[in-house]
Amino acid sequence: MPLVCEAGRAGLSLGGGEGAEGWAAALGRRLRAGDRGAAPAALNLVEDRSPGGREGAAALLAEVSPTALGGEAPAHLVGVTGPPGAGKSSLLAELVSAWRARGRTVAVLAVDPSSKRSGGSLLGDRARIDHDPADDGVLIRSTATAGRLGGLAAPTRTAALTLASAFEVVVVESVGVGQSETEIEELCDTVAVVVQPGSGDTLQFLKAGIMEVPDLLVVTKADLGDVARRARRELEGALRSLGAAQTPVLSVSSLSPAQGIDELVAAIDAHRTGLDVRSVRVRARRLAAVSAFAAEHGERGLRGLGGRRAAERVVAELDPGLEVQALVAALESAGRGTR
Amino acid sequence: MGETLPHRLPEPDRPWVMRTYAGHSTARDSNALYRRNLAKGQTGLSIAFDLPTQTGYDPDHELSRGEVGKTGVSIAHKGDMHRLLDGIPLDEMNTSMTINATAAWLLALYLVTAEENGVDRGALQGTTQNDIIKEFLSRGTYAFPPGPSMRLIADTIAFTVDEVPRWNPINICSYHLQEAGATPVQEIAYAMSTAHAVLDAVRERVDPATFPRVFGRISFFVNAGIRFLEEHAKLRALAELWEALGRERYGVTDEKYLRLRYGVQVNSLGLTEAQPENNVIRIVLEALAVTLGRDARARAIQLPAWNEALGLPRPWDQQWSLRIQQILALETDLLEYPDVFEGSKVMDGLVAELVEGTRAEMAIVAEHGGAVEAVPYMKTQLVESHRERVARIERGELKVVGQNVFTDAGPSPLQEGEDGGIMRVDPEVERGQIEAVRRWRSSDRDAGAVAAALDDLRLTAREESANLMPATIACAHAGVTTGEWAGALRDAFGEYRAPTGVSDAASTSEDGSLVALRERVEEVSEALGRRLKILVGKPGLDGHSNGAEQIAVRARDAGMDVVYEGIRLTPRRIAQAAVQEGVHVVGLSILSGSHRELIPDVLRYLREASGGKNGSDAPTVPVVVGGIIPESDARELLAAGVARVYTPKDFEITRIMSDIVELVAWRAGAPGPTAAATLAAPPRVAPRL
Ligand code: B12
Ligand SMILES: Nc1nc2c(ncn2[C@@H]2O[C@H](COP(=O)(O)OP(=O)(O)OP(=O)(O)O)[C@@H](O)[C@H]2O)c(=O)[nH]1
Ligand SMILES: [Mg+2]
């Protein structure tokens with residue numbers, strides 16, 4: 001028999017109640033003002049699927065929309081993806097500290113798969129991303145895919161776009177090989193595909209054109225020596241034959257003493273320079289809205305709009321400054337109109 | 001001497017070395033304890049160090065909080081070692097030190113203490129445990145990444161084989177693997193694979209002519225569980241495999257070097273909190289497993305005590321366990337016969353099964369690239385085996401008398417005393433040690449010599465081919481502290497976080513109550529707006545991960561999102577993770593006895609993080625605690641704002657989970673369980689305090 005204390009029934013649910021939307025909007029304003037302490041609560045809201053939660057999220061998002069911000073959030077959205085165990089999280093630990101050393105604030109959204117059988121998950125990335133817990137310039141949030149394909153969890157895109165208002169770098173880590181990194185590409189300004197030496201899948205997918213050429217390729221575990229060098233040469237060869245020789249391939253080690261991290265930071269920065277952030281973000285929001293709509297209303301809902309392409313056309317005609325939830329709402333009312 | 005009979009020994013064997021794993025508080029207190037134990041007939045020393053000493057932190061380090069002098073003695077420098085060994089004849093004593101990541105350091109302190117007392121190194125006898133792989137897999141007191149850790153092991157072996165020839169520089173441990181849930185096959189397969197890895201590493205660092213002697217210096221530290229006949233077979237299998245390894249892989253031919261030498265601590269995982277008096281019977285039977293057959297009899301034995309699952313043993317409890325050994329060796333006829341299992345079909349059959357199984361499992365480890373590379377694989381296997389063991393106890397398939405059968409019993413008079421039947425370490429010891437180490441650093445040594453010794457250590461560390469022992473001994477001489485020695489090496493080598501084994505662990509087999517619980521989790525998640533999310537946290541230096549791992553895996557299998565970062569996190573990091581991750585409940589696990597310091601710390605950081613919004617003492621997120629928590633402490637924790645306290649007698653994990661789900665639901669104002677869920681997994685009706 002456990003010992004029990006019955007104090008503290010709090011009534012934590014935010015759903016609907018008086019002032020909930022005001023509270024949510026206030027959270028959004030805090031984020032906009034750069035108050036990173038508001039981020040965890042904001043993420044709770046963005047993940048909340050209850051009707052009350054969705055209303056709250058809408059109120060919050062309105063406060064961090066490009067319209068409210070007066071332009072796109074300046075954050076750099078970085079995607080880190082690759083096969084399981086490639087060394088993504090360990091690399092992120094190094095990247096986070098390198099960015100912090102340069103004075104940039106960083107939010108990491110780590111996505112792990114859920115168990116098919118139970119629906120639950122073990123979120124293991126956080127453990128590998130060593131960081132100083134006293135530093136409020138770093139936030140790490142783990143979410144599970146809950147059975148979604150595409151590499152991201154349902155709220156990841158909205159979460160990333162929300163955090164972009166308060167952090168200078170927002171990184172998304174997801175597991176992916178082959179085609180499953182489409183979503184991360186749609187969302188992020190810069191995508192690095194991370195592979196470990198000796199894992200041929202990525203090379204094969206790349207050669208076979210199953211996988212799109214990423215912005216950057218990173219070979220981890222450089223400390224392993226020859227195998228790592230060979231992996232790098234093979235990837236460079238494959239890129240050359242695909243006519244993408246300009247795509248940087250970098251070699252890193254996250255084991256102490258870490259190697260190649262400064263070069264990677266520079267390559268990630270270089271990719272962002274000259275990028276039309278506005279159009280990347282507008283596209284990210286629109287695709288996120290279509291996918292959120294599909295998650296909520298299923299294929300059937302999409303068909304009601306005339307299919308995915310049609311849905312994409314609907315959002316393409318809307319104000320580019322609208323945030324995701326507003327776009328979803330627009331899709332929903334378009335759906336009602338056609339029914 | 002008369003005629004020799006085949007079923008009798010001409011002369012009874014000498015008893016094994018009898019030890020008691022002991023040490024707590026300060027060096028002075030532990031010294032007094034050792035002298036008393038020796039007076040009671042103990043024939044060797046076995047030193048328990050506290051967790052800061054084992055992990056390379058000084059008493060005033062943030063992570064040492066709550067652990068200084070708790071589960072062992074705090075040794076911060078050679079002054080402490082002198083006091084610890086005061087008056088003990090080092091040239092006659094056989095001293096076993098349970099020390100791993102910092103083994104090279106404690107060995108250096110021992111050598112320097114002997115030297116300063118005029119005792120020759122060549123006369124020293126004893127053991128440093130020094131097996132880092134099982135630290136990554138089970139025991140948790142590692143400090144450096146695998147590569148440099150293996151180098152430290154190889155260096156101590158290469159050094160002692162010539163300089164301290166009677167020392168056992170390493171005890172390859174299977175003991176801790178069984179304690180983490182290993183099956184007999186896994187236990188010996190992983191220990192043998194570790195032996196491989198260690199011997200390969202040393203081979204590169206010693207002269208080939210010396211190598212057979214190195215092989216002969218390797219000893220084992222094993223476990224014996226309650227299935228004592230199979231356990232005895234396991235030791236015979238180990239002896240067979242060890243000899244084969246020596247001959248086949250390393251070309252050792254000298255019989256003397258090929259003989260398996262091992263020490264034992266018997267199983268503690270199976271010792272229960274419920275009806276703790278029964279544990280004495282378990283301990284006796286397990287002791288038989290390692291003494292019955294002469295061909296695989298232990299060289300040294302230490303036994304746990306009846307109150308193992310309650311808390312630390314008092315001197316009297318340890319005395320009782322020492323008496324078990326003495327009665328076995330001196331009153332029974334055990335030592336009068338040759339091997340009693342020779343020619344036994346049953347024994348030979350069991351041994352053959354185990355040898356075959358072990359070879360197959362060793363092949364898998366080899367495919368992963370050997371023991372070092374296979375750590376993540378082996379860890380996951382252990383978590384899975386333990387999950388099976390726990391599930392079988394829950395289902396009643398594995399009978400544990402007093403716990404899941406014959407639970408009706410009278411109260412145990414053994415627990416009636418004022419101390420509740422356990423030893424408690426005075427919390428003031430920590431403050432005293434903090435002041436003492438600060439004094440040592442500022443006034444008791446030559447700062448220049450210290451800086452020079454540490455500089456040299458750092459340089460040596462960077463030079464891969466150099467042996468670290470001489471520089472380490474120079475540090476010990478100069479008065480360097482444990483934290484400074486390990487700190488310099490952490491700077492050079494970096495740090496490491498071992499795999500948790502939980503992510504890849506397959507799920508629990510389905511049963512009705514788990515399925516019902518899953519439905520309830522869905523229902524509550526729906527009400528919460530997102531999936532029920534739990535953080536399982538291990539604050540401080542405590543490395544007991546079994547409970548946290550099984551809770552984490554079961555929570556996932558019940559449908560929750562689970563954040564588990566492994567052992568050795570600061571309270572601040574746990575609170576920060578809880579907030580950033582937006583979890584609905586925080587579950588903390590502490591078994592090492594630092595709960596009175598660390599749980600309130602976590603609560604405080606959580607409260608600060610939530611801005612003290614809800615006006616009560618309880619943090620916004622409910623916090624539950626599990627582990628070795630004496631009842632009076634549990635009441636204090638509840639008063640401080642903890643919602644639930646679970647201890648080993650709450651062995652039904654699905655029930656614990658269901659209790660937590662209802663706690664979250666209730667806190668969030670969600671509706672109670674539906675009839676269906678209630679039937680299959682009744683929430684606990686718990687008394688209000
Ligand atoms: C197994 C074990 C070990 C293994 C640990 C392997 C591992 N990876 O976990 C090994 C052999 C490595 C080990 C080592 C040590 N041990 Co030990 N060990 C035990 C032992 C025998 C069993 C613990 C166990 O795993 N039980 C099985 C699990 C499933 O049960 P559990 O953790 O209790 O969890 C249950 C509940 O408590 C609860 N629960 C626990 N955590 C949580 C968390 C949440 C969120 C919830 C909801 C519930 C919950 O639910 C679980 C389900 O039933 C106990 C004594 C005992 N019989 O309990 C001593 C014990 C805990 N060890 C002890 C000591 C001192 C040590 C050492 C520190 C000794 C030393 N000086 O070096 C070392 C070092 C370890 C370290 N780094 O911290 C002491 C602690 C003394 C104290 N509290 O005052 C004990 C009590 C033994 C004793 N009497 O001396 N140990
Ligand atoms: N030798 C070496 N090992 C590394 C390096 N980086 C990571 N590892 C190891 O590779 C394993 C996987 O590392 P993670 O960082 O968890 O990899 P990941 O890609 O995030 O894994 P998932 O999130 O599970 O897909 C761990 O055992 C790391 O210790 C490296 O640079 N060198
Ligand atoms: Mg990862």
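Only this structure's heavy atoms are used, side chains among them; waters, hydrogens and symmetry mates stay out. We name chains A, B, ... by the order of the sequence lines, and we start the count at 1 in each one.
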*Drop me the distance from B:Glu565's CD to A:Ile129's CD1, to the nearest 0.5 angstrom.*
9.0 Å

*asked:* Is A:Val138 in contact with chain B via its backbone, its side chain, both, or neither, using a 4.5 Å heavy-atom distance?
replied: backbone

_Exam field: side chain B:Gln580 to backbone A:Arg141, donor-acceptor pair closer than 3.5 Å_ = no

*Between CG on residue A:Asn44 and NZ on residue B:Lys533, distance to nearest 0.5 Å*: 8.0 Å

*Does CD in B:Glu526 sit with more than 12 non-hydrogen atoms of other residues, nucleotides or ligands closer than 6.0 Å?*
no

*asked:* Under 4.0 Å between a side-chain nitrogen and a carboxylate oxygen: does that hold for B:Arg573 and A:Asp130?
replied: yes

*By a 4.5 Å heavy-atom criterion (distance strictly below it), what part of A:Ala39 contacts chain B: side chain, backbone, both, or neither?*
neither

*Could you tell me which portion of B:Pro148 (side chain, backbone, both or neither) has an atom closer than 4.5 angstrom to a non-hydrogen atom of chain A?*
neither

*Check each atom of B:Ala577 against the heavy atoms of chain A and say whether the ones under 4.5 Å are side chain, backbone, both or neither.*
both

*B:Arg572 versus chain A, the contacting section by heavy-atom distance below 4.5 Å*: both

_Just verifying a value: how many Å separate A:Arg49 CZ and B:Ser525 OG, rounded to the nearest 0.5 Å?_
7.5 Å

_Heavy-atom closest pair, residues A:Ser256 and B:Gly494_ = OG-CA, 3.5 Å

*asked:* What part of A:Arg128 gets within 4.5 angstrom of chain B, counting heavy atoms only: side chain, backbone, both, or neither?
replied: side chain

*Do any N or O atoms from the side chain of B:Arg531 and from the backbone of A:Gly119 form a donor-acceptor pair under 3.5 angstrom?*
yes

*Do B:Glu581 side-chain atoms and A:Ser142 backbone N/O form a donor-acceptor pair below 3.5 Å?*
yes

*Least distance between heavy atoms, B:Asp561 atom then A:Ser121 atom*: OD1-OG, 2.6 Å

*Over all heavy atoms of both residues, which pair between B:Val502 and A:Leu122 is shortest? Give the atoms and the distance, please.*
O-CD1, 3.2 Å

*Is it the side chain or the backbone of B:Phe493 that comes within 4.5 Å of chain A heavy atoms, both, or neither?*
backbone

*Look at the side chain of A:Ser118 and the backbone N and O of B:Arg556, then say whether any donor-acceptor pair between them is shorter than 3.5 Å.*
yes

*By a 4.5 Å heavy-atom criterion (distance strictly below it), what part of A:Asp135 contacts chain B: side chain, backbone, both, or neither?*
backbone

*Distance in Å, A:Asp112 CG paired with B:Ser503 OG, rounded so as to fall on 0.5 Å steps*: 7.0 Å

*Which atoms of B:Thr500 come close to chain A, meaning under 4.5 Å heavy atom to heavy atom: side chain ones, backbone ones, both, or neither?*
neither

_Side chain proximity check, A:Pro133 to B:Thr570, heavy atoms < 4.5 angstrom_ = yes

